[in-house]
**Q** 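I'd like to ask you about the structure that follows.
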Amino acid sequence: MPQFIAFDLGAESGRAILATLRKNRLTLQEKHRFANPTGRVNGHLHWNILAQWEELKKGLSLAAANQKQIHGIGVDTWGVDFGLLDKSGNLLGNPFHYRDSRNDGVMERALKKVSRQKIYQTTGLQFLPFNTLFQLLATQRDQPEILDVADKLLFMPDLFNFFFTGIPANEYSIASTSQMLDVKKRQWAGGMLNKVSLPRQLMQKIIPSGTVLGDLQKSVASECNVAKIPVIAPACHDTASAVVAVPAEDENFCYISSGTWSLMGVELKKPILTDDALTLNYTNEGGANNTIRFLKNIMGLWLVQECRRQFLADGHNFTYAQLTQMAARSAPLRSLVDPNDVAFLAPGNMPERIQSFCRRTRQPVPSTPGELVRCALESLAIAYRDTMLGLEKILGRKISAIHIVGGGSQNELLNQFTAAACNRPVIGGPIEATAIGNALAQAVAIGAIASWSDARKIVRQSFPVKYFHPRHADRWRTASIPKAR
């Protein structure tokens, strides 16, 4: 009865999950949940890495307590962010948060040195202002002295793996989010890094998803009162882990990993680097079993999360369920925004930003919490439809169904909007897809599961899903997101 600890860190919170595999079924127990702490210092937004590390150790102690044997520990997180270490393995400052303003304008300067086409043909990655390539260029501009003494670059899950084991490595799926990886060779794009004068020697050996790194360091095991446990790099990017847990039976589907971000795409064996893929800004990221996740990043439920945060600041402590109920009672398709507009990227007063977008595009301005949340959810559904149509154009085939996994799959109103907007059946669940995929990748790594396809079969046997069929699709056919002036 193999047991694994899956650490899943998202933008809002982190969890330690105890996963048990028994008779081809997987069960999960949440042993520890914590807010994912950030802090603002000298006007910049950072992750509080020491607080995160203390929470991981606490989660390890709680999850392993009273268990006969833990067969593996795996960490997955969001992409692009990183820490720098010196030659002694000391961390050189708190990692920057991808939403920090230091990234503003860096991409445009980089494109003067290397063309958009060249970067895309090399990395296959969607152009986003916070990709690691541009964050590292911001470090080079603002803190060159740190790069002078830096010896290693580790992405967030790599960093925690290093804290656990003392072994530095860059796992494939998380490295692929950086826009510094050669998508065809699956090695660091040294030539491109040289053109933008970034130090190639910072990058570590790339290891496949599902690699057994090594055992816990004795000091960590002693502090957490646990035995020797292997640390396994699953698919360390949280979306890559979530895709492992998509309960699909054939290949003609697309997925949405739904949470703070929505990542919508398909699973492929090779990258797509066509002009259409570049123009429509699709990304080729690494997945488990050496696959390519051909997808697009969409701002996701961040809009609703930030609305709720503002409502709370204004004295209204609405739950997400209450906000969804209010949205369901509001008028349909009255106002729409572009979820990926840069105006929505940074933390701040989201209701005011949504209202400003609607004023600029001469739409009715939502005023109540229900109207604001409905606007956000309907806008996401339209963004999903447009992304699906782009996928179909590039792939040259029709997508038969949409699997929505992750925490956002609990929002049944959004699931129903998505089915109607896309005019496709939607399968919602499993909710804990990221932790499930993390645990299953560990199980594949130690041979407790024979193959990645067997892992998906276990998902289908272990977790319920819910079906949503298109309703009132005609209302959505002509709905479109207006362009901001």
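Note that the structure is predicted; figures quoted are calculated from it, not measured.
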**Q** Would you give the length of the straight line joining atom CD of Glu378 to atom CD1 of Ile481, rounded to the nearest 0.5 angstrom?
**A**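 Output value for this atom pair is 11.0 Å.
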**Q** What's the spacing between Ile402 CD1 and Ile427 CD1 if we round to 0.5 Å?
**A**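 Here the rounded value is 8.5 Å.
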**Q** Does Leu268 offer a backbone N or O that forms a donor-acceptor pair with the side chain of Thr291 under 3.5 Å?
**A**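 A pair under 3.5 Å: no.
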**Q** Give the C-alpha distance, both sets of side-chain angles, the deciding distance and a yes or no for side-chain hydrogen bond (donor to acceptor under 3.5 Å, both in side chains) between Gln126 and Asn297.
**A** CA-CA 8 Å; Gln126 180 180 359; Asn297 287 271; 3.0 Å; yes
**Q** With a 4.5 Å cut-off on side-chain heavy atoms, are Thr27 and Ser462 touching?
**A** no
**Q** Going by side chain to side chain contact (heavy atoms under 4.5 Å, CB included), Thr77 matches just one of Asp8, Asp238, Asp158, Ile174. Which one?
**A** Ile174
**Q** Is the count of non-hydrogen atoms from other residues, nucleotides or ligands lying under 6.0 Å from Glu108 atom CD greater than 12?
**A** yes
**Q** Can you list the steps and then say if Asn438 with Gln442 is a side-chain hydrogen bond (donor to acceptor under 3.5 Å, both in side chains)?
**A** CA-CA 6 Å; Asn438 180 326; Gln442 294 185 61; 2.9 Å; yes
**Q** Within the side chain of Ser176, is there an N or O that forms a donor-acceptor pair under 3.5 Å with the backbone of Gly286?
**A** yes
**Q** Do side-chain atoms of Asp76 reach the backbone of Pro234 as a donor and acceptor pair under 3.5 angstrom?
**A** no
**Q** For the atom pair CG (Leu391) and CE (Met388), what is the distance rounded to the nearest 0.5 Å?
**A** 8.5 Å
**Q** I'd like to know if Glu267 and Arg293 make a salt bridge, using a cut-off of under 4.0 Å between side-chain N and carboxylate O.
**A**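 A salt bridge is absent here (no side-chain N lies under 4.0 Å from a carboxylate O).
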**Q** So does His469 get a backbone contact from the side chain of Gln416, meaning a donor-acceptor N/O pair under 3.5 Å?
**A**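 Such a contact is found between Gln416 side chain and His469 backbone.
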**Q** Kindly confirm or rule out a cation-pi arrangement of Arg308 over Tyr320, judged by NZ or CZ under 6.0 Å from the six-membered ring centre and within 45° of its axis?
**A** yes
**Q** Do Asn411 and Leu377 have side-chain heavy atoms sitting under 4.5 Å apart?
**A** yes
**Q** Say whether, by atom type as modelled, one donor and one acceptor occur between the side chain of Arg374 and the main chain of Ala328 under 3.5 angstrom.
**A** yes
**Q** Mind running side-chain contact (heavy atoms from CB on, under 4.5 Å) on Tyr172 and His237 for me, showing each step along the way?
**A** CA-CA 9 Å; Tyr172 169 56; His237 186 216; over 6 Å; no
**Q** Between Gln310 and Pro351, which heavy-atom pair has the shortest distance, and what is it?
**A**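 So the two residues come closest at CB-CD, 3.7 Å.
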**Q** According to the interplanar angle, ranging from 0 to 90°, do the rings of His46 and His44 count as parallel (below 30°), tilted (30 to 60°) or perpendicular (above 60°)?
**A**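 Answer is perpendicular, since the angle exceeds 60°.
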**Q** Does any N or O in the side chain of Thr132 come within less than 3.5 Å of the main-chain N or O of Val80, such that one atom is a donor and the other an acceptor?
**A**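 Indeed, once roles are kept as given, a pair shorter than 3.5 Å links the two residues.
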**Q** Between atom CD1 of Ile70 and atom CZ of Phe4, what is the distance when rounded to the nearest 0.5 Å?
**A**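 So the gap between those two atoms works out to 9.5 Å.
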**Q** Indicate the atoms forming the closest heavy-atom contact of Phe163 with Val220, along with that distance.
**A** O-CG2, 3.7 Å
**Q** Would you please classify the geometry between the Phe344 ring and the Phe357 ring as parallel, tilted or perpendicular, with 30° and 60° separating the classes?
**A**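 The arrangement is tilted - the two ring planes meet at 30° to 60°.
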**Q** Students often mix this up, so state it plainly: with edges at 30° and 60°, are the rings of Trp261 and Phe130 parallel, tilted or perpendicular?
**A** perpendicular
**Q** Output, in order, the C-alpha distance, side-chain angles, deciding distance and verdict of side-chain hydrogen bond (donor to acceptor under 3.5 Å, both in side chains) for Glu12 and Asn36.
**A** CA-CA 5 Å; Glu12 274 199 314; Asn36 198 359; over 6 Å; no
**Q** Quick one: does Asn170's side chain get under 4.5 Å of Leu154's, heavy atoms only?
**A** yes
**Q** Can you tell me if Asp314 uses its side chain to pair, donor with acceptor, with the backbone of His316 under 3.5 Å?
**A**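 No, Asp314 side chain to His316 backbone: no donor-acceptor pair under 3.5 Å.
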**Q** Is Asn225 atom CG crowded by more than 12 heavy atoms from other residues, nucleotides or ligands, each under 6.0 Å away?
**A**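 Counting neighbours around CG of Asn225, 12 or fewer heavy atoms of other residues, nucleotides or ligands fall under 6.0 Å, so no.
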**Q** Got a second to check how far Thr324's OG1 is from Leu413's CG, nearest 0.5 Å?
**A**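 It comes to 6.5 Å.
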**Q** Please determine, by modelled atom types, if Gln305 and Thr260 share a side-chain donor-acceptor pair under 3.5 angstrom.
**A** yes
**Q** Would you say that Leu414 contacts Leu380 through its side chain, given a criterion of any heavy-atom pair below 4.5 Å between the two side chains?
**A**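 Touching, per the 4.5 Å side-chain cut-off.
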**Q** Can you see whether Trp47 engages Asp81 through a side-chain donor-acceptor pair at a distance of less than 3.5 angstrom?
**A** yes
**Q** Let me confirm one number: the CD1-NE2 distance from Ile229 to His71, rounded to the nearest 0.5 Å.
**A** 10.5 Å
**Q** Would you check if the side chain of Glu54 reaches a backbone N or O of Ala51 as a donor-acceptor pair within less than 3.5 Å?
**A**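 No; judged by distance alone, with no hydrogens or angles, the pair does not exist.
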**Q** Check Arg33, His32, Arg15 against Glu55 for a side chain to side chain donor-acceptor pair (under 3.5 Å) and give me the one that passes.
**A** His32
**Q** The test is side-chain hydrogen bond (donor to acceptor under 3.5 Å, both in side chains); show your working for Glu352 and Ser356 and say whether it passes.
**A** CA-CA 6 Å; Glu352 187 176 275; Ser356 175; over 6 Å; no
**Q** For the residue pair Asn48 and Gln52, confirm or rule out a side-chain donor-acceptor distance under 3.5 Å.
**A**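 Judged by distance alone, the side chains do not pair up.
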**Q** Looking at Pro364, is its backbone amide N or carbonyl O close enough to the side chain of Arg334 to form a donor-acceptor pair, meaning the two atoms are under 3.5 Å apart?
**A** no
**Q** Determine the minimum heavy-atom distance between Ala235 and Ser173, stating which atoms define it.
**A** C-OG, 3.5 Å
**Q** Looking at Leu303 and Pro339, what are the two nearest heavy atoms and their distance?
**A** CD1-O, 4.1 Å
**Q** Answer yes or no: does atom CZ of Arg397 have more than 12 heavy-atom neighbours from other residues, nucleotides or ligands under 6.0 Å?
**A** yes
**Q** Indicate yes or no: at least one non-hydrogen side-chain atom of Pro347 is less than 4.5 angstrom from one of Trp302.
**A**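 In contact.
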**Q** Do any N or O atoms from the side chain of Thr283 and from the backbone of Glu285 form a donor-acceptor pair under 3.5 angstrom?
**A** no
**Q** May I ask you to check whether Gln3 and Thr20 show a side-chain donor-acceptor distance below 3.5 Å?
**A** yes
**Q** Go through the steps to decide whether Val244 and Asn289 satisfy the test side-chain contact (heavy atoms from CB on, under 4.5 Å), and finish with yes or no.
**A** CA-CA 9 Å; Val244 171; Asn289 196 25; over 6 Å; no
**Q** Do the non-hydrogen side-chain atoms of Leu372 and Leu323 ever get within less than 4.5 Å of each other?
**A** no
**Q** Apply the test side-chain contact (heavy atoms from CB on, under 4.5 Å) to residues Thr139 and Phe82: give CA-CA distance (whole Å), side-chain angles for both, the deciding distance (0.1 Å), then the verdict.
**A** CA-CA 11 Å; Thr139 302; Phe82 60 90; 4.2 Å; yes
**Q** Is the shortest heavy-atom distance from the side chain of Phe164 to the side chain of Leu213 under 4.5 Å?
**A** no
**Q** Kindly confirm or rule out a cation-pi arrangement of Arg471 over Trp476, judged by NZ or CZ under 6.0 Å from the six-membered ring centre and within 45° of its axis?
**A**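 Judged by the rule, Arg471 and Trp476 form no cation-pi pair.
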**Q** Are Glu392 and Arg424 close enough for a salt bridge, meaning some N to O gap below 4.0 Å?
**A**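 The answer is yes: the pair qualifies as a salt bridge.
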**Q** Looking only at non-hydrogen atoms, find the nearest pair between Ile272 and Ala277 and report the distance.
**A** O-CB, 3.8 Å
**Q** According to the interplanar angle, ranging from 0 to 90°, do the rings of Trp53 and Phe160 count as parallel (below 30°), tilted (30 to 60°) or perpendicular (above 60°)?
**A**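 Ring orientation of Trp53 relative to Phe160: parallel.
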**Q** Which heavy-atom pair separates Asn24 from Gln461 by the least distance, and what is that distance?
**A** O-NE2, 2.8 Å
**Q** Run the side-chain contact (heavy atoms from CB on, under 4.5 Å) check on Asn284 and Leu125 step by step: do they pass?
**A** CA-CA 5 Å; Asn284 294 271; Leu125 213 70; 5.9 Å; no
